There are 2 protein chains.
Amino acid sequence: MTIKKEQILETALHLFAKEGYSATSTSKIAKAAGVSEGLIFRHFGNKKNLLKELMIQTQETINHLFLPIFEETDPKEVLIKTITLPLRIDKEYYDYWRLQYKLRWEPEYTNNNKFVPILNKFEETFTALNYKEPKQEAILLNQIVNSIAIDILLDRFNEDYIPFLKKKYKL
Amino acid sequence: MTIKKEQILETALHLFAKEGYSATSTSKIAKAAGVSEGLIFRHFGNKKNLLKELMIQTQETINHLFLPIFEETDPKEVLIKTITLPLRIDKEYYDYWRLQYKLRWEPEYTNNNKFVPILNKFEETFTALNYKEPKQEAILLNQIVNSIAIDILLDRFNEDYIPFLKKKYKL
DNA sequence: TCAAAAAAAGTGATTACTCACATTATTTAT
DNA sequence: ATAAATAATGTGAGTAATCACTTTTTTTGA
């Protein structure tokens with residue numbers, strides 16, 4: 001991976017996340033990245049493929065952020081780490097999240113259950129904690145984490161919410 | 001309001017909700033609505049203003065859907081109506097919701113606390129039910145409803161979730 | 001010296017939007 | 001009442017700018 005290719009990916013990520021895929025032209029990316037427009041097509045073939053490579057990176061990044069939760073064995077610790085996950089994410093990763101949430105609504109974007117592994121982890125956790133309906137609890141927790149992430153990205157999150165959730169889950 | 005103007009609004013709503021604002025050209029709208037492209041600009045001035053008028057309609061529609069919750073006085077009934085709201089929405093309104101959720105992520109879209117009234121209603125409700133932290137409970141309930149709506153729109157909702165929530169809130 | 005990397009200079013298609021003009025609906029004057 | 005005047009609605013051909021993408025030329029590093 002050359003420096004310029006990385007610059008294209010980095011710039012495209014930022015512009016796609018900020019303005020959206022359709023609203024971001026390849027010439028705009030090239031200018032912002034400080035490269036010629038042709039280089040984008042040399043490296044990625046077409047615009048859609050640039051997005052595709054970006055989404056692979058995005059998925060890897062997000063998987064990496066979830067890793068500490070997967071590796072945690074103590075169920076209570078799983079819940080704590082899950083609830084506070086959005087807060088612990090460094091701002092440099094925000095564009096990845098933003099792109100992910102934005103692209104959910106695109107018709108081409110097939111969401112084919114990328115969240116199944118984390119839902120299974122949550123279900124195991126709630127089973128270990130003797131919750132009556134661990135499957136539904138897992139869905140609820142997943143919804144909460146997503147909502148917190150969205151609130152943070154849209155700059156309308158209130159930190160008081162976290163201790164409230166900790167009490168709810170007796171943590 | 002003339003028939004053709006209504007057709008433009010209706011078609012634009014559907015295309016914006018489905019493909020997104022930037023990805024939908026005015027010529028595409030005109031063709032699908034069966035009018036000349038010039039008429040869009042006669043009625044709305046420019047593309048952005050078409051979206052603006054559409055968003056006013058959208059807000060009115062959504063407010064109307066929330067009305068039964070606002071008018072309900074029995075706190076338990078408020079919760080029941082809230083939890084089941086996304087389920088009770090007719091499919092013909094889906095485009096309004098989709099547009100709303102999609103546009104949250106656009107930089108021009110200023111979200112200036114349109115949800116404050118419903119959050120206040122929820123807070124009153126939880127206060128009446130003697131919940132310890134009604135403000136935070138209101139935020140949680142709002143998150144849940146939004147999550148359900150998103151899941152329905154993205155066609156990944158499981159109906160078993162509703163009875164689970166009813167038990168949670170002792171309904 | 002020469003292949004890969006990058007830039008520069010193109011391509012036709014599509015974009016949002018304008019404009020001159022036609023048609024239809026509404027108001028006004030007699 | 002009705003013809004004339006005015007306003008509202010609608011069309012289709014045009015605009016320059018921008019779009020994704022291609023081809024050609026130049027630069028770079030081993």
Side-chain angles (χ1 to χ4, degrees), chain A residues 1-58 95 98-100 102-103 105-110, chain B residues 1-58 95 98-100 102-103 105-110:
Chain A
M1 178 97 72
T2 59
I3 294 167
K4 299 224 169 184
K5 190 176 177 185
E6 274 181 39
Q7 279 173 332
I8 291 168
L9 278 167
E10 202 181 311
T11 308
L13 167 67
H14 183 244
L15 289 176
F16 287 166
K18 192 178 160 204
E19 317 273 356
Y21 172 76
S22 292
T24 304
S25 67
T26 49
S27 75
K28 214 189 280 178
I29 297 167
K31 260 178 208 160
V35 301
S36 68
E37 197 180 350
L39 195 61
I40 293 171
F41 296 92
R42 176 172 179 78
H43 281 308
F44 303 98
N46 54 49
K47 191 187 169 187
K48 190 143 261 172
N49 202 56
L50 166 60
L51 176 65
K52 205 173 158 187
E53 289 210 25
L54 219 39
M55 286 309 289
I56 292 166
Q57 272 199 13
T58 301
D95 281 340
R98 209 182 299 271
L99 189 64
Q100 185 91 341
K102 236 174 168 156
L103 259 64
W105 298 100
E106 300 305 315
E108 311 93 345
Y109 181 71
T110 48
Chain B
M1 180 97 69
T2 61
I3 294 166
K4 298 218 170 186
K5 191 177 178 184
E6 272 182 40
Q7 279 173 332
I8 291 168
L9 278 167
E10 202 181 310
T11 308
L13 167 67
H14 183 245
L15 290 176
F16 287 166
K18 192 177 161 205
E19 316 274 353
Y21 172 75
S22 293
T24 304
S25 68
T26 50
S27 77
K28 212 189 281 176
I29 296 167
K31 261 179 208 160
V35 301
S36 65
E37 196 179 350
L39 194 61
I40 293 173
F41 296 93
R42 165 115 301 155
H43 281 308
F44 303 99
N46 55 51
K47 192 188 169 188
K48 191 143 260 171
N49 201 56
L50 167 59
L51 175 65
K52 205 173 159 187
E53 289 210 26
L54 219 40
M55 287 309 288
I56 292 166
Q57 273 198 14
T58 301
D95 280 342
R98 209 182 299 273
L99 189 64
Q100 185 92 341
K102 233 174 170 154
L103 259 65
W105 299 100
E106 299 305 313
E108 312 92 346
Y109 182 71
T110 48

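A note on names: the letters A, B, ... follow the listed sequences, proteins ahead of strands, and every chain is numbered from 1. Source: prediction; values computed, not measured.
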Requested in this report: Rounded off to whole Å, could you give me the CE-to-P distance for the B/Met1 and D/dT9 pair?
Outcome: 11 Å
Query raised in the report: Could you state the interatomic distance from CG (B/Leu54) to CG (B/Leu99), rounded to the nearest 0.5 Å?
Result: 6.0 Å
Report task. Rounded to the nearest angstrom, tell me the gap between atom NZ in B/Lys5 and atom P in D/dT11. Result -> 15 Å
Report summary line: Taking every heavy atom of B/Ala12 against every heavy atom of B/Leu50, the minimum-distance pair comes out as CB-CD2, 3.9 Å
Query raised in the report: Just wondering, are more than 12 heavy atoms of other shown residues or ligands nearer than 6.0 Å to CD in B/Glu106?
Result: yes
Query raised in the report: Roughly, in whole Å, what's the span from CG in B/Asn46 to P in C/dA16?
Result: 11 Å
Report summary line: For residues 32-54 of chain B, the ring-ring contact (aromatic ring centres under 6.0 Å, His included) pairs (sequence neighbours left out) are none
Review item, nucleotides 13-17 of chain D N/O atoms under 3.5 Å of protein N/O:
none

Query raised in the report: With respect to the side chain of B/Phe41, which nucleotide from C/dA7, D/dC21, C/dC17 is positioned closest?
Result: C/dC17
Would you tabulate the nitrogen or oxygen pairs shorter than 3.5 Å linking the protein to nucleotides 3-5 of chain C?
{"residue": "C/dA5", "atom": "OP2", "partner": "A/Arg42", "partner atom": "NH2", "Å": "3.3"}

Query raised in the report: Taking OP1 and OP2 of C/dA16, is either one under 4.0 Å from a side-chain nitrogen or oxygen of B/Thr26?
Result: yes
**Report entry** Shortest side-chain distance from B/Ser36, nucleotide among D/dC21, C/dA7, D/dG10
**Finding:** D/dG10
Requested in this report: Specify the separation, in whole Å, of atom CG of B/Leu51 and atom C1' of C/dC17.
Outcome: 17 Å
Query raised in the report: Would you say B/Ser27 reaches C/dA16's phosphate, i.e. side-chain N/O to OP1/OP2 under 4.0 Å?
Result: no
Query raised in the report: Any side-chain donor paired with an acceptor under 3.5 Å for B/Glu37 and B/Ser27?
Result: no
Query raised in the report: Any donor and acceptor pair, going by atom type alone, linking the side chain of A/Lys47 with main-chain N or O of A/Tyr21 inside 3.5 Å?
Result: yes
Query raised in the report: What do you reckon, is NZ of B/Lys18 surrounded by more than 12 foreign heavy atoms closer than 6.0 Å?
Result: no
Requested in this report: For B/Gln7, look at atom CD and say whether over 12 heavy atoms of other residues, nucleotides or ligands are found less than 6.0 Å away.
Outcome: yes
Query raised in the report: Would you say the side-chain atoms of B/Lys4 pair up with the backbone N or O of B/Ser36, donor to acceptor, closer than 3.5 Å?
Result: no
Requested in this report: Rounded to the nearest angstrom, tell me the gap between atom NZ in A/Lys28 and atom C1' in D/dC21.
Outcome: 18 Å
Report task. Write down the distance between NZ (A/Lys47) and C1' (D/dC19), rounded to a whole number of angstrom. Result -> 9 Å
Query - Touch class at under 4.0 angstrom, heavy-atom based, for B/Ser22 against every strand present - result: nothing
**Report entry** Spacing of A/Ile40 atom CD1 relative to D/dT22 atom C1', expressed in whole Å
**Finding:** 14 Å
Report summary line: From CD1 of B/Ile29 across to C1' of C/dT15 the rounded distance in Å is 12 Å
